[in-house]
Amino acid sequence: EVLVFSPEHTSGWADLDDSQAAVTMAAIRDRMEDHGRRGTIRYTQVIVNHGREAGASLEHPHGQLLGIPFVPGEIAEEEAGFRRFEGSCLLCTTVEAEEAAGHRVVHADDRVLVVCPFWSGTPFEMMVLPRQHEVHVTDASPPDVAAVGQAIRTALARLRGSLGDVAYNLVFHTAPHRHAGPFHWHVHVLPRVTSVAGFEQGTGVMIDIVAPELAAKHLSVVG
(Lines give C-alpha, C1' and ligand atoms only; values in the text may rest on other atoms or scores of the structure.)
Protein backbone atom coordinates (compact mmCIF):
# COMPACT_ATOMS: atom_id res chain seq x y z
CA GLU A 1 0.00 0.00 0.00
CA VAL A 2 1.20 3.54 -0.79
CA LEU A 3 0.68 6.38 1.69
CA VAL A 4 0.88 9.84 0.10
CA PHE A 5 1.79 12.47 2.69
CA SER A 6 0.51 15.56 0.91
CA PRO A 7 -0.87 16.79 -2.42
CA GLU A 8 2.13 19.15 -2.50
CA HIS A 9 4.73 17.57 -4.77
CA THR A 10 7.70 18.74 -2.72
CA SER A 11 6.25 18.31 0.79
CA GLY A 12 7.76 15.36 2.61
CA TRP A 13 7.29 14.27 6.21
CA ALA A 14 9.71 16.99 7.34
CA ASP A 15 7.30 19.63 5.98
CA LEU A 16 4.11 18.42 7.67
CA ASP A 17 2.49 20.51 10.37
CA ASP A 18 1.37 18.94 13.65
CA SER A 19 -2.08 17.92 12.41
CA GLN A 20 -0.75 16.47 9.14
CA ALA A 21 1.93 14.47 10.95
CA ALA A 22 -0.71 13.15 13.35
CA VAL A 23 -3.03 12.15 10.50
CA THR A 24 -0.17 10.40 8.68
CA MET A 25 0.64 8.31 11.74
CA ALA A 26 -3.05 7.60 12.38
CA ALA A 27 -3.36 6.28 8.83
CA ILE A 28 -0.38 3.98 9.39
CA ARG A 29 -1.85 2.72 12.64
CA ASP A 30 -5.28 2.10 11.07
CA ARG A 31 -3.86 0.22 8.10
CA MET A 32 -1.71 -1.95 10.39
CA GLU A 33 -4.78 -2.75 12.45
CA ASP A 34 -6.57 -3.86 9.29
CA HIS A 35 -3.59 -6.00 8.27
CA GLY A 36 -3.60 -7.60 11.71
CA ARG A 37 -7.12 -8.91 11.12
CA ARG A 38 -5.96 -10.86 8.07
CA GLY A 39 -4.65 -14.27 8.99
CA THR A 40 -2.33 -14.47 5.99
CA ILE A 41 -0.36 -11.37 7.07
CA ARG A 42 2.12 -12.08 9.85
CA TYR A 43 4.04 -8.81 9.77
CA THR A 44 3.50 -5.35 8.28
CA GLN A 45 6.63 -3.43 7.35
CA VAL A 46 6.19 0.33 7.11
CA ILE A 47 8.95 2.22 5.31
CA VAL A 48 9.73 5.59 3.79
CA ASN A 49 12.43 5.80 1.12
CA HIS A 50 13.44 9.42 0.51
CA GLY A 51 15.88 10.08 -2.31
CA ARG A 52 17.34 7.87 -5.00
CA GLU A 53 20.21 6.66 -2.78
CA ALA A 54 17.59 5.36 -0.31
CA GLY A 55 15.71 3.43 -2.98
CA ALA A 56 12.95 5.91 -3.86
CA SER A 57 11.60 5.24 -7.34
CA LEU A 58 8.93 8.00 -7.27
CA GLU A 59 9.72 11.64 -6.65
CA HIS A 60 6.49 12.58 -4.86
CA PRO A 61 7.04 11.99 -1.11
CA HIS A 62 5.28 8.85 0.11
CA GLY A 63 5.53 5.86 2.37
CA GLN A 64 4.78 2.18 1.86
CA LEU A 65 3.11 -0.55 3.93
CA LEU A 66 3.92 -4.11 2.95
CA GLY A 67 1.91 -6.94 4.50
CA ILE A 68 4.01 -10.10 4.37
CA PRO A 69 3.25 -13.75 5.21
CA PHE A 70 6.31 -14.32 7.43
CA VAL A 71 8.19 -12.67 10.29
CA PRO A 72 11.40 -11.09 8.93
CA GLY A 73 14.68 -12.25 10.44
CA GLU A 74 15.49 -8.71 11.61
CA ILE A 75 12.30 -8.60 13.69
CA ALA A 76 12.80 -12.14 15.02
CA GLU A 77 16.28 -11.12 16.18
CA GLU A 78 14.91 -8.01 17.87
CA GLU A 79 12.27 -10.10 19.65
CA ALA A 80 15.04 -12.40 20.88
CA GLY A 81 16.97 -9.38 22.14
CA PHE A 82 13.96 -8.17 24.13
CA ARG A 83 13.54 -11.65 25.64
CA ARG A 84 17.20 -11.79 26.68
CA PHE A 85 16.89 -8.45 28.51
CA GLU A 86 15.30 -9.94 31.61
CA GLY A 87 13.63 -7.90 34.33
CA SER A 88 12.78 -4.83 32.28
CA CYS A 89 12.15 -3.59 28.75
CA LEU A 90 15.24 -2.95 26.67
CA LEU A 91 13.95 0.28 25.14
CA CYS A 92 12.26 1.59 28.30
CA THR A 93 15.69 1.23 29.93
CA THR A 94 17.29 2.92 26.92
CA VAL A 95 14.91 5.89 27.27
CA GLU A 96 15.82 6.27 30.95
CA ALA A 97 19.56 5.89 30.38
CA GLU A 98 19.77 8.18 27.34
CA GLU A 99 17.72 10.90 29.00
CA ALA A 100 19.91 10.71 32.10
CA ALA A 101 23.08 10.95 30.00
CA GLY A 102 21.61 13.65 27.77
CA HIS A 103 24.41 13.87 25.21
CA ARG A 104 22.74 11.69 22.56
CA VAL A 105 19.25 13.22 22.83
CA VAL A 106 17.97 15.06 19.74
CA HIS A 107 14.38 15.73 20.86
CA ALA A 108 12.39 15.08 24.01
CA ASP A 109 8.81 15.78 25.02
CA ASP A 110 6.28 14.20 27.36
CA ARG A 111 5.52 11.32 25.00
CA VAL A 112 8.57 10.70 22.76
CA LEU A 113 12.36 10.65 22.93
CA VAL A 114 14.56 10.88 19.82
CA VAL A 115 18.18 9.80 20.24
CA CYS A 116 21.26 9.04 18.20
CA PRO A 117 21.80 5.54 19.65
CA PHE A 118 25.25 4.67 20.94
CA TRP A 119 25.26 1.64 18.60
CA SER A 120 24.64 3.80 15.50
CA GLY A 121 25.83 2.09 12.34
CA THR A 122 25.57 5.15 10.09
CA PRO A 123 26.22 8.87 10.63
CA PHE A 124 23.27 10.81 12.09
CA GLU A 125 21.22 7.66 12.63
CA MET A 126 18.29 8.28 14.99
CA MET A 127 15.69 6.27 16.87
CA VAL A 128 12.22 7.57 17.71
CA LEU A 129 11.12 6.00 20.98
CA PRO A 130 7.61 6.38 22.41
CA ARG A 131 7.84 6.63 26.19
CA GLN A 132 4.69 4.60 26.75
CA HIS A 133 5.55 0.92 26.55
CA GLU A 134 3.44 -0.82 23.93
CA VAL A 135 4.26 -3.97 22.00
CA HIS A 136 2.29 -2.99 18.89
CA VAL A 137 1.73 0.33 17.14
CA THR A 138 -1.94 -0.57 17.12
CA ASP A 139 -2.00 -0.66 20.94
CA ALA A 140 -0.65 2.90 21.28
CA SER A 141 -3.05 5.66 22.32
CA PRO A 142 -4.03 8.25 19.68
CA PRO A 143 -2.04 11.03 21.47
CA ASP A 144 1.08 8.82 21.53
CA VAL A 145 0.64 7.89 17.86
CA ALA A 146 0.29 11.58 16.95
CA ALA A 147 3.33 12.52 19.06
CA VAL A 148 5.50 9.96 17.27
CA GLY A 149 4.46 11.39 13.89
CA GLN A 150 5.34 14.88 15.07
CA ALA A 151 8.67 13.71 16.52
CA ILE A 152 9.55 12.06 13.19
CA ARG A 153 8.77 15.38 11.49
CA THR A 154 11.04 17.22 13.94
CA ALA A 155 13.86 14.70 13.52
CA LEU A 156 13.70 14.88 9.71
CA ALA A 157 13.51 18.68 9.72
CA ARG A 158 16.61 18.82 11.92
CA LEU A 159 18.40 16.33 9.69
CA ARG A 160 17.66 18.52 6.66
CA GLY A 161 18.67 21.65 8.55
CA SER A 162 21.99 20.08 9.49
CA LEU A 163 22.93 18.16 6.33
CA GLY A 164 20.62 19.47 3.60
CA ASP A 165 18.13 17.34 1.68
CA VAL A 166 19.95 14.02 2.13
CA ALA A 167 18.45 10.66 1.29
CA TYR A 168 17.12 8.61 4.19
CA ASN A 169 15.04 5.60 5.11
CA LEU A 170 12.40 5.47 7.80
CA VAL A 171 11.85 1.94 9.11
CA PHE A 172 9.06 1.16 11.58
CA HIS A 173 9.55 -1.78 13.93
CA THR A 174 6.63 -3.29 15.84
CA ALA A 175 5.89 -6.76 17.13
CA PRO A 176 4.51 -9.18 14.55
CA HIS A 177 0.72 -9.43 14.33
CA ARG A 178 -0.76 -11.59 17.08
CA HIS A 179 2.57 -11.81 18.96
CA ALA A 180 2.30 -10.91 22.64
CA GLY A 181 5.92 -11.35 23.70
CA PRO A 182 8.28 -8.61 24.90
CA PHE A 183 8.75 -5.75 22.45
CA HIS A 184 8.59 -1.94 22.35
CA TRP A 185 7.62 -0.39 19.02
CA HIS A 186 9.92 2.27 17.61
CA VAL A 187 11.08 3.96 14.40
CA HIS A 188 14.57 4.02 12.86
CA VAL A 189 15.77 7.08 10.92
CA LEU A 190 18.65 6.00 8.66
CA PRO A 191 20.33 8.78 6.63
CA ARG A 192 22.20 7.69 3.50
CA VAL A 193 25.28 9.87 3.78
CA THR A 194 28.00 7.22 3.42
CA SER A 195 28.49 4.10 1.33
CA VAL A 196 28.53 0.53 2.60
CA ALA A 197 32.10 -0.45 1.77
CA GLY A 198 34.00 -3.71 1.62
CA PHE A 199 34.54 -4.20 5.35
CA GLU A 200 30.86 -3.73 6.10
CA GLN A 201 29.81 -6.07 3.30
CA GLY A 202 32.37 -8.68 4.28
CA THR A 203 31.69 -8.71 8.01
CA GLY A 204 28.22 -7.26 8.51
CA VAL A 205 29.82 -4.83 10.98
CA MET A 206 28.94 -1.20 10.32
CA ILE A 207 31.44 1.63 10.78
CA ASP A 208 30.02 4.99 11.85
CA ILE A 209 32.47 7.80 11.05
CA VAL A 210 30.53 10.37 13.11
CA ALA A 211 30.22 9.76 16.84
CA PRO A 212 26.53 9.68 17.86
CA GLU A 213 27.23 12.26 20.56
CA LEU A 214 28.56 14.68 17.94
CA ALA A 215 25.66 13.94 15.58
CA ALA A 216 23.14 14.62 18.36
CA LYS A 217 24.89 17.88 19.19
CA HIS A 218 24.60 19.05 15.58
CA LEU A 219 20.97 17.96 15.29
CA SER A 220 19.94 19.48 18.61
CA VAL A 221 21.08 22.99 17.72
CA VAL A 222 19.14 23.07 14.45
CA GLY A 223 15.81 24.89 14.81
Side-chain angles (χ1 to χ4, degrees), residues 12-14 41-59 61-86 89-91 93-95 97-98 101 103-106 113-129 152 155-156 158-160 162-176 179 181-220:
W13 203 315
I41 298 179
R42 295 191 60 195
Y43 187 75
T44 299
Q45 182 62 72
V46 181
I47 60 171
V48 176
N49 299 331
H50 175 81
R52 180 170 295 180
E53 297 89 344
S57 56
L58 298 174
E59 188 175 343
H62 65 284
Q64 298 174 62
L65 295 87
L66 301 95
I68 52 182
F70 60 89
V71 177
E74 178 79 9
I75 300 303
E77 289 180 10
E78 279 200 1
E79 284 189 297
F82 278 98
R83 287 193 296 269
R84 287 193 298 268
F85 198 77
E86 297 181 358
C89 167
L90 176 61
L91 288 188
T93 302
T94 297
V95 168
E98 291 291 1
H103 49 256
R104 286 182 290 267
V105 175
V106 175
L113 190 74
V114 180
V115 301
C116 292
F118 71 84
W119 61 81
S120 297
T122 188
F124 294 88
E125 177 179 345
M126 288 178 273
M127 284 186 71
V128 181
L129 303 169
I152 292 171
L156 293 176
R158 291 186 177 184
L159 179 66
R160 185 172 61 190
S162 184
L163 301 183
D165 188 24
V166 298
Y168 63 80
N169 299 103
L170 288 184
V171 180
F172 287 68
H173 279 182
T174 183
H179 281 210
F183 207 85
H184 187 131
W185 76 280
H186 55 281
V187 183
H188 296 272
V189 183
L190 303 168
R192 296 291 186 172
V193 294
T194 58
S195 299
V196 177
F199 179 81
E200 291 89 341
Q201 294 187 58
T203 64
V205 178
M206 304 301 292
I207 297 177
D208 185 357
I209 62 173
V210 178
E213 296 80 6
L214 182 59
K217 181 178 179 180
H218 281 293
L219 292 165
S220 297

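The first residue in the sequence is number 1, and the count goes up from there. Below, all heavy atoms of this structure are taken into account, side chains as well, without hydrogens, waters or symmetry copies.
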message: How long is the straight-line distance from OG1 of T44 back to CD1 of I68, given to the nearest 0.5 Å?
response: 7.5 Å
task: Can you see which heavy atom on F85 is nearest to which on T93, and at what distance?
output: CE2-OG1, 3.4 Å
- prompt: Within a strict 4.5 Å, meaning less than it, do heavy atoms of the L90 and H184 side chains meet?
  reply: no
P176 and R42, any side-chain heavy atoms less than 4.5 Å apart: no
task: For S220 and K217, indicate whether the former's side chain and the latter's backbone hold a donor-acceptor pair under 3.5 Å.
output: no
task: From the options V210, I209, I207, select the one residue that forms a side chain to side chain contact (heavy atoms under 4.5 Å, CB included) with T194.
output: I209
- prompt: Which atom names give the shortest non-hydrogen contact between I41 and G67, and what distance separates them?
  reply: CG2-CA, 3.8 Å
message: Taking the side chain as everything from C-beta on, heavy atoms only, tell me whether F82 gets closer than 4.5 Å to C89.
response: yes
field: Note, H50 side chain near L170 side chain (heavy atom, < 4.5 Å)
entry: no
- request: Could you go through the side-chain contact (heavy atoms from CB on, under 4.5 Å) check for L113 and V105 one step at a time?
  value: CA-CA 7 Å; L113 190 74; V105 175; 3.9 Å; yes
task: With sequence neighbours left out, write down each residue that passes side-chain contact (heavy atoms from CB on, under 4.5 Å) with S57, or none if nothing qualifies.
output: none
- request: Hey, could you give me the CZ/CG distance between F124 and L190, rounded to the nearest 0.5 Å?
  value: 14.0 Å
- prompt: How long is the gap from CZ on R104 to CG on L219, to the nearest 0.5 Å?
  reply: 14.0 Å
task: Could you tell me which non-hydrogen atom of P117 sits nearest to which non-hydrogen atom of P212, and how far apart they are?
output: O-CB, 3.5 Å
message: Quick one: does any side-chain atom of S162 pair with a main-chain N or O of R158 as donor and acceptor, under 3.5 Å?
response: no
message: Is the ring pair H186/H188 parallel, tilted or perpendicular, if the boundaries are 30 and 60 degrees?
response: perpendicular
- request: State, yes or no, whether a side-chain contact exists between T94 and M127 at a heavy-atom distance under 4.5 Å.
  value: no
field: side-chain hydrogen bond (donor to acceptor under 3.5 Å, both in side chains) partners for D208, two or more places apart
entry: none
message: To the nearest 0.5 Å, what is the distance between CD1 on I75 and CZ on F183?
response: 5.0 Å
message: Looking at every non-hydrogen atom in both residues, tell me the closest pair between G51 and A167 and how far apart they are.
response: CA-CB, 4.0 Å
- prompt: Residues two or more places apart in sequence or in another chain: which of them pass ring pair (Phe, Tyr, Trp, His ring centres under 6.0 Å) with W13?
  reply: F5
query: Quick one: side-chain contact (heavy atoms from CB on, under 4.5 Å) partners of A56, sequence neighbours excluded?
result: N49
query: Which distance, rounded to the nearest 0.5 Å, do you find between the CD of E78 and the CH2 of W185?
result: 13.5 Å
query: Who are the side-chain contact (heavy atoms from CB on, under 4.5 Å) partners of R52, not counting sequence neighbours?
result: none
- line: Applying side-chain contact (heavy atoms from CB on, under 4.5 Å) to Q45 and not counting sequence neighbours gives Y43, I47, V171, H173
message: Tell me the closest heavy-atom pair linking P123 and V193, and the distance in Å.
response: CB-CG2, 3.7 Å
pair H179-V71: side-chain heavy atoms closer than 4.5 Å: yes
task: Locate the shortest heavy-atom distance separating V114 from A155; write the atom from each residue and the value.
output: CG1-CB, 4.2 Å
message: Assess the residue pair T122 and Y168 against the criterion (side-chain contact (heavy atoms from CB on, under 4.5 Å)); give the C-alpha distance rounded to whole Å, side-chain angles, the decisive distance to 0.1 Å, and a yes or no.
response: CA-CA 11 Å; T122 188; Y168 63 80; over 6 Å; no
